[in-house]
Amino acid sequence: MTLSSDLPNTPATRSSATPIILDGRAGPDAGPDGPQSPLFDGLNPQQLEAVKYRGPALLIVAGAGSGKTSVLTRRVAGLIESREAWPSQILAITFTNKAAAEMRERVRGLLGQASDGMWISTFHSSCVRILRREAESAGLSTNFSIYDSADTKVTIKRIIKQLDADTMGFTPGNVASKISKLKNELADVDSYARNANMSDPQEVMFVEIFRQYTRRLREASALDFDDLIGETVFLFRAFPKVAALYRRRFRHILVDEYQDTNHAQYALVRELTRPVEAELADDMEDQGLHVKNLQDATGRIPGASLTVVGDSDQSIYAFRGASSRNITEFERDFPGTKVILLEQNYRSTQNILSAANAVIGNNFDRREKRLWSAGGDGEKIVGYTAYNGHDEAQFVADEVEALHRKGMAYRDMAVFYRTNAQTRALEEILVRAAVPYRVVGGTKFYERAEIKDALAYLIAVANPQDELALRRILNTPKRGIGPATETQLGSFAETNGISFRQAMRDSGGLGLGPKVTGAILKLATLLDSAALMMDPQNPAGPANVSDLLTYLLDGSGLLAVLRGSRDAQDEVRAENIEELVAQTKDFNRENPDAGLVDFLTQVSLVAAADDLDDASGTVSLMTLHTAKGLEYEAVFLTGIEEGLLPHQMSAGEPGGPAEERRLFYVGITRARQRLYLSLAMTRAQFGDVNVAMPSRYLQEIPADLIDWKQSPGMANSRGGTQSRALNARPGGGGFGSRSGTPGQLPPAPKPKTEWANRVTAQVRDNGDLTLNPGDRIRHVDFGDGRVNQVTGEGTKRIAHVQFDTSGAKKLLIKIAPIEKIE
DNA sequence: ATCGTCGATTTTTTT
DNA sequence: AATCGACGAT
């Protein structure tokens, strides 16, 4: 049974590339596959072409909101439905796990069960999967640890200290980023050292740090984030037979967000799309690997077909080695490339797009691309110049509430900012205004100290070589093993050529105090017995992750110590650990066949955007970087100031300001209906207040697109409303007197008293103040008002208040600066 | 070994 | 503002 006849749209595909083993599976009933198939419904001509095109290489230049996810999923679904490919022959790379999950979900929606078996994941997840499978060839153990950036920094910090390199200006931060950049270029210590200028003592020292770092990782059987990609590339280059397995398997490779791939990732894609030489292919056939149907006339297995989707205008990761060169030179790298442009935007109003186009148009050196929408102009963009960060946050909170009253769900709104530090003021105000919100990313759950502690116990069981994890838990919770003892154990291990873990077991002969020795041995025994629980040889069968974690928590007393503490923060920490236990239970349920290492891998590779819960009815707060790929009905872009966007740190970098502009562009294009731009005249930083200037990018938006509720000009002009003049903060002057800035900003002054500008930073506790509808209250900032309604329970009780001059607001009763009057 | 205090340093973005 | 490291007292 041959299928080529079912493929009206694939003249370029050789029929031999079609899988032959068709009967094993109940594929989708060979439904009608013409233009009337639901796969092609509602697509514009360019999208349709992108879904249907068949050939070795396809570049889809997809502007923001042009429906690329839809195109990608339908393309994948089309390949499978038409039986050009088995699910297992598809490898789709996305930027985040969440994007991967969404894509998998949508393909499943189109195909049902037939979608099982595809690899849809991030670069990092795919590489871990490959490296664990091929650990033996790669010279790794299957249970290798994955170091996150914090682990990397700690390791480097210790090396720097040991080498006294801090006196030469080395910091963990700059060393880590330099090593990361090198690894992204596929350099290792040796290749770097070969070209280094060894007469420069700085260079010599750096090489030494790099060398020791590499050695420590190897000794701990650990890989850092960058290694995951690089080692996979090295594996493929060193072992053509291993590479051939994957080249044979993945016939269709799709890469999303291609503009943000770095060199190592580019190299990986190249390796995966190379053909398998005839000789090797024949060998594989001899080993029963069934490649005959894939071989061409010369006996080779041709390279996989490659589809990449990207938009140079949204390249925002150059700082970590991404190069949009990969996209601009794609046609040269992959000859015979078909290029398709998607320019019609289905997301935003024309006003928002016009602003976006105007901004990005200031970047030279780009392929001209103009987004357009058939959806109408929509509302104007709203601008607001606040006096300070809190004032700005209050503006956001008020507008969020106003939108919500008009019927917009909280989950359809998002607040973006350049730096994580900006969340503080926003959170303070949103809590007080009782706006349900969620910070996406930031200090991630898995990066909290107590969670890392608990995970370190698991890692110590999974990978006994991992000294970092061992040292972390050695005295956590406190068991009287101090730094002196730790050092002794370390040197004992080193002089005897044994692992740190073994040194712990043998610590009896070290002549330490009986108490300390007892503590060390107890921990070693705990870990050993835990390891026994997970041993596949265990007659009872290996325990599951949550049982193991519970056992370790009980045995170590980690949770009990936090529970017993009278520090209020420890209570939160204990809750976090219990949340982790709950997560292990979920994991067991959802992945009954997965083990400890699988759990730890998943945990290591979660991205900021991954913990975004679409179902939660909350406003989302996130950085502009995290926002990439997402969209919301209403978007608040905050902190549009010089020094913040573009960020101070980017000024020196070549291409910095252009990248910051793209970041702004990304932020703008996330909005469907409503866009708010806000800035503050003064911003608190490093504990004191600085004067800020409006971002240069603001002037790039045509003035008639923005409706300034309070423009930068007004904000300090003497005529500002009474209350504002009164509220101006020390240091707040001098903002509008922007000598030298082409002032197209201050149009139509429309003073509104709707927003109070001053917010006390003071945290109050009203105890059990009770309010009832009808009560009159006085608010420090908003003045007098009447309580309409009280909702919520306990500490979360919320008063809905109609203020006499400041409008309607919701207040968290417990902490609002209010008192009952009358 | 642990705890408290002082002072330095910090914040660009992230898989 | 808040965290981290160094140092000294217990």
Side-chain angles (χ1 to χ4, degrees), chain A residues 93-100 121-128 146-150 152-154 157 161 166 171-173 176-177 180 183-184 223-230 257 260-262 264-265 315-322 389 416-425 428 440-444 446-447 449 474-475 477-486 512-513 515-516 519 569 601 604-610 622-628 639 643-653 656 659-660 662-664 666-667 683-690 761 763:
Chain A
I93 305 279
T94 57
F95 201 66
T96 63
N97 295 300
K98 179 171 183 283
S121 62
T122 63
F123 271 110
H124 291 85
S125 305
S126 308
C127 287
V128 171
I146 299 168
Y147 278 13
D148 66 15
S149 13
T152 295
K153 279 216 176 97
V154 170
K157 192 183 228 164
K161 199 165 179 187
D166 49 342
T171 67
S177 94
S180 172
K183 288 188 175 182
N184 285 333
L223 298 179
D224 65 23
F225 278 142
D226 303 311
D227 287 333
L228 296 178
I229 315 289
E257 307 284 9
D260 283 323
T261 52
N262 59 36
Q265 292 165 335
S315 160
I316 55 172
Y317 284 100
F319 71 92
R320 73 172 199 218
F416 301 156
Y417 36 81
R418 177 67 233 269
T419 67
N420 281 306
Q422 289 167 255
T423 51
R424 198 157 294 156
E428 257 175 48
V440 182
T443 14
K444 282 180 271 171
Y446 295 111
E447 284 168 10
L474 194 60
N475 200 28
K478 302 258 185 299
R479 41 172 83 88
I481 308 173
T485 311
E486 185 182 332
L512 296 160
K515 241 174 100 182
V516 186
Q569 298 230 327
T601 302
S604 303
L605 298 178
V606 295
D610 292 343
M622 68 190 83
T623 64
L624 284 166
H625 284 87
T626 305
K628 193 181 70 160
L644 217 44
L645 189 76
H647 196 275
Q648 201 68 54
M649 290 293 140
S650 73
E653 303 279 314
E659 173 144 325
E660 299 283 308
R662 290 194 292 270
L663 204 45
F664 188 39
V666 166
R683 187 150 314 259
Q685 190 184 212
F686 302 140
D688 53 17
V689 183
N690 294 321
V763 174

Colleague: Which nucleotide in the set B/dA1, B/dT14, B/dT12 lies at the smallest distance from any side-chain heavy atom of A/Glu660?
Modeller: B/dT12
Colleague: Nearest heavy atom decides the nucleotide; on that basis, is A/Thr485 or A/Thr623 closer to the 5' end of DNA chain B?
Modeller: A/Thr485
Colleague: With the criterion being N/O to N/O and under 3.5 Å, what pairs connect the protein with nucleotides 2-10 of chain C, and how long is each?
Modeller:
from  : atom 1 : to       : atom 2 : distance (Å)
C/dG5 : OP1    : A/Lys157 : NZ     : 2.7

Colleague: Phosphate oxygens OP1/OP2 of B/dT15: is one of them under 4.0 Å from a side-chain N or O of A/Ser149?
Modeller: no
Colleague: Return yes if the base of B/dT15 and the side-chain atoms of A/His124 contain a donor-acceptor N/O pair under 3.5 Å, otherwise no.
Modeller: yes
Colleague: Over how many whole Å does the gap from A/Ile146 atom CD1 to B/dT14 atom C1' extend?
Modeller: 16 Å
Colleague: Check the distance between B/dT14's P and A/Glu659's CD and give it to me in whole angstrom.
Modeller: 12 Å
Colleague: Are side-chain heavy atoms of A/Lys515 and A/Arg479 found at a separation under 4.5 Å?
Modeller: no
Colleague: Within the 4.0 Å heavy-atom criterion, would you say A/Phe123 contacts the bases, only the backbone, or no part of the nucleic acid?
Modeller: nothing
Colleague: Ignoring the backbone of A/Phe225, work out which of B/dT2, B/dT15, B/dT10 is nearest its side chain.
Modeller: B/dT15
Colleague: When you compare B/dT12 with C/dG5, how far apart are their C1' atoms, in angstrom units rounded to a whole number?
Modeller: 24 Å
Colleague: Would you check if the side chain of A/His625 reaches a backbone N or O of A/Ile316 as a donor-acceptor pair within less than 3.5 Å?
Modeller: yes
Colleague: Looking at B/dT12, B/dT10, B/dA1, which one has an atom nearest to any side-chain atom of A/His647?
Modeller: B/dT12
Colleague: Please work out whether the ring planes of A/Phe95 and A/Tyr317 are parallel, tilted or perpendicular, with thresholds of 30° and 60°.
Modeller: tilted
Colleague: Write down the distance between CZ (A/Phe686) and P (B/dT10), rounded to a whole number of angstrom.
Modeller: 8 Å
Colleague: When the distance from CG of A/Leu663 to P of B/dT12 is rounded to whole Å, what number comes out?
Modeller: 14 Å
Colleague: If I take atom CZ in residue A/Phe416 and atom C1' in nucleotide B/dT14, what distance separates them, rounded to the nearest angstrom?
Modeller: 16 Å
Colleague: Under 4.0 Å between a side-chain N or O of A/Asn420 and OP1 or OP2 of B/dT14?
Modeller: yes
Colleague: Has A/Arg662 got a side-chain atom pairing as donor or acceptor with A/Ser315's backbone, closer than 3.5 angstrom?
Modeller: yes
Colleague: Rounding to a whole Å, what distance do you find between A/Asp224:CG and B/dT14:C1'?
Modeller: 14 Å
Colleague: For the atom pair CG (A/Asp226) and OH (A/Tyr147), what is the distance rounded to the nearest 0.5 Å?
Modeller: 15.0 Å
Colleague: When you measure from the side chain of A/Glu660 to the backbone of A/Ser650, do you find a donor-acceptor pair of N or O atoms at a distance under 3.5 Å?
Modeller: no
Colleague: Of all the nucleotides listed (B/dT11, B/dT2, B/dT15), which has the minimum atom distance to the side chain of A/Asn475?
Modeller: B/dT2
Colleague: Counting heavy atoms from C-beta on, name the nucleotide in B/dT12, B/dT14, B/dT11 closest to the side chain of A/Ala421.
Modeller: B/dT11
Colleague: For the side chain of A/Tyr417 and the backbone of A/Met622, is there at least one donor-acceptor N/O pair under 3.5 Å apart?
Modeller: yes
Colleague: Measuring from A/Leu605:CG to A/Asn97:CG, what's the distance to the nearest 0.5 Å?
Modeller: 7.0 Å
Colleague: By the 4.0 Å heavy-atom rule, please label A/Ser650 as base, sugar-phosphate, or nothing.
Modeller: nothing
Colleague: Does the structure show A/Tyr317 stacking with B/dT13, if we require the centres to be closer than 5.5 Å and the planes to be within less than 30 degrees of parallel?
Modeller: no
Colleague: Among B/dA1, B/dT2, B/dT11, which nucleotide has an atom closest to any side-chain atom of A/Ala484?
Modeller: B/dA1
Colleague: Calculate the interatomic distance between A/Asn690 atom CG and C/dA1 atom C1'; express it in whole Å.
Modeller: 14 Å
Colleague: Please state how far atom CZ in A/Phe319 lies from atom C1' in B/dT14, giving the value in whole angstrom units.
Modeller: 5 Å
